[in-house]
Amino acid sequence: MSRPERCRRKLPLGIQNLRDIREAGHDDVDKSGIAVALIEAGKSLLVDTSKALFEGNRVLFTRLAAESRRD
């Protein structure tokens, strides 16, 4: 018996925006459940910290571990 053919979509290489990945129909690993679990567990500070890191808000991380690890 043969396996059903799965429609293969392109991987989102170099695309780091969820909207672009979803709208282009690329395959990706669904991490939305992790994000929701963090929010529901009251980890809003972690979410806010992640946002500040990705926005490049360097001043907030002066003298913190992330200061030397992000550019």
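For residues 36-57, the salt bridge (charged side-chain N to carboxylate O under 4.0 Å, His left out) pairs, not counting sequence neighbours, are K51-E55. Sorted by first then second residue, the salt bridge (charged side-chain N to carboxylate O under 4.0 Å, His left out) pairs that include residues 13-22, not counting sequence neighbours, are R19-E23.
Within the 4.5 Å cutoff, the side chain of H26 has heavy atoms near those of the I15 side chain. Residues L18 and D28 have side chains in contact (heavy-atom distance under 4.5 Å, counting atoms from C-beta outward).
Residues E67 and R58 come closest through the heavy atom pair O-NH2, 4.3 Å. Minimum interatomic distance between D27 and L11 (heavy atoms only, all atoms of both residues): CB-CD2, 4.3 Å.
Between the CG atom of L64 and the CG atom of L53 there is a distance of 9.5 Å, given to the nearest 0.5 Å.
Residues forming a side chain to side chain contact (heavy atoms under 4.5 Å, CB included) with D30 (at least two apart in sequence, or on another chain): S32.
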Applying side-chain contact (heavy atoms from CB on, under 4.5 Å) to V59 and N57, what does each step give before you reach the verdict? CA-CA 6 Å; V59 170; N57 197 337; 4.1 Å; yes

